[in-house]
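Worth saying up front: this structure is predicted, and the values here are computed from it rather than measured. Sequential numbering from 1 along the given sequence is applied to the chain's residues. All ligand and atom numbering here is 1-based and tracks the order in the structure. Worth knowing before you read on, the calculation uses all heavy atoms, side chains too, and leaves out hydrogens, waters and symmetry mates.
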Amino acid sequence: LIGWREFMRHVYRHAMPELETANQLEASHDLPEFYWSGETNMECVRQSVADVEQRGYSHHIQRLMVLANFATLWGVEPKQLNEWFNATYVDAYHWVTTPNVVEMGQYGDGVFASKPYVSSANYIDKMSDYCGDCHYYKTKDTGNKACPFNALYWDFLDRNEDQLRSNHRMGLMYSHVDNKQESGDMDEIRARVEDLREKERYGEL
Ligand code: SF4
């Protein structure tokens with residue numbers, strides 16, 4: 001019987017140095033500035049970054065399902081998020097963060113993760129109390145104050161369809177993607193994501 005950190009150690013020894021720059025989804029966006037400043041209207045991200053800034057530490061759910069989740073949905077290059085974790089967490093050792101962030105957080109390589117760990121606002125709301133105080137509406141996909149995680153979640157599945165649709169663990173998600181593509185909702189979601197990227201450029205996300 002081994003623990004998670006021991007498993008990470010083994011993965012690191014097995015998969016480095018390729019793991020450090022692994023990027024099987026070819027994510028190419030830069031890490032948004034608010035990972036450093038905490039200046040965002042997304043309450044879950046704002047509070048998670050504030051916790052890291054104050055204590056150099058945050059809960060597993062904040063790490064995986066807020067900070068890594070957002071970066072994956074946004075399409076951040078995994079190496080950049082790994083560098084951020086290494087620079088900001090007191091418990092960051094390269095051999096721990098690299099498998100956890102690049103592989104589990106961002107599905108960078110496929111060396112052990114069987115699917116990307118991504119979610120919309122629904123899961124974040126189940127696991128935290130952030131959404132009640134948020135500027136954004138957790139139940140909306142599109143529209144000016146719709147939660148960014150929602151449109152980004154569907155857009156992530158849509159734009160990575162060639163790589164992910166055949167994954168048997170993602171069949172249910174792709175049945176929802178099919179519905180959105182057929183109904184035309186996906187066009188609105190793509191437009192919303194363009195709007196979110198514009199807001200991020202101007203520091204308004
Ligand atoms: S509504 Fe969206 S952005 Fe706001 S706290 Fe919930 S998940 Fe985060």
>> Just so I know, are the side chains of P116 and F156 near enough to count as touching, which here means a heavy-atom distance under 4.5 Å?
In response: yes
> Does the side chain of V66 come within less than 4.5 Å of V45's, by heavy atoms?
Replying inline: yes
>> Any salt bridge linking R63 with D91? Criterion: basic side-chain nitrogen under 4.0 Å from a carboxylate oxygen.
In response: yes
> In Å, rounded to the nearest 0.5 Å, how long is the span from OG1 of T98 to CG of D109?
Replying inline: 11.5 Å
> Quick one: side-chain hydrogen bond (donor to acceptor under 3.5 Å, both in side chains) partners of Y174, sequence neighbours excluded?
Replying inline: none
>> So, at under 2.8 Å, which protein N, O or S atoms would a careful student list around atom 2 (Fe) of ligand 1?
In response: C147 SG
>> Could you walk me through whether R46 and T40 satisfy the side-chain hydrogen bond (donor to acceptor under 3.5 Å, both in side chains) test, starting with their C-alpha distance in whole Å, then the side-chain angles of each, then the deciding distance to 0.1 Å, before giving a yes or no?
In response: CA-CA 6 Å; R46 191 190 68 74; T40 169; over 6 Å; no
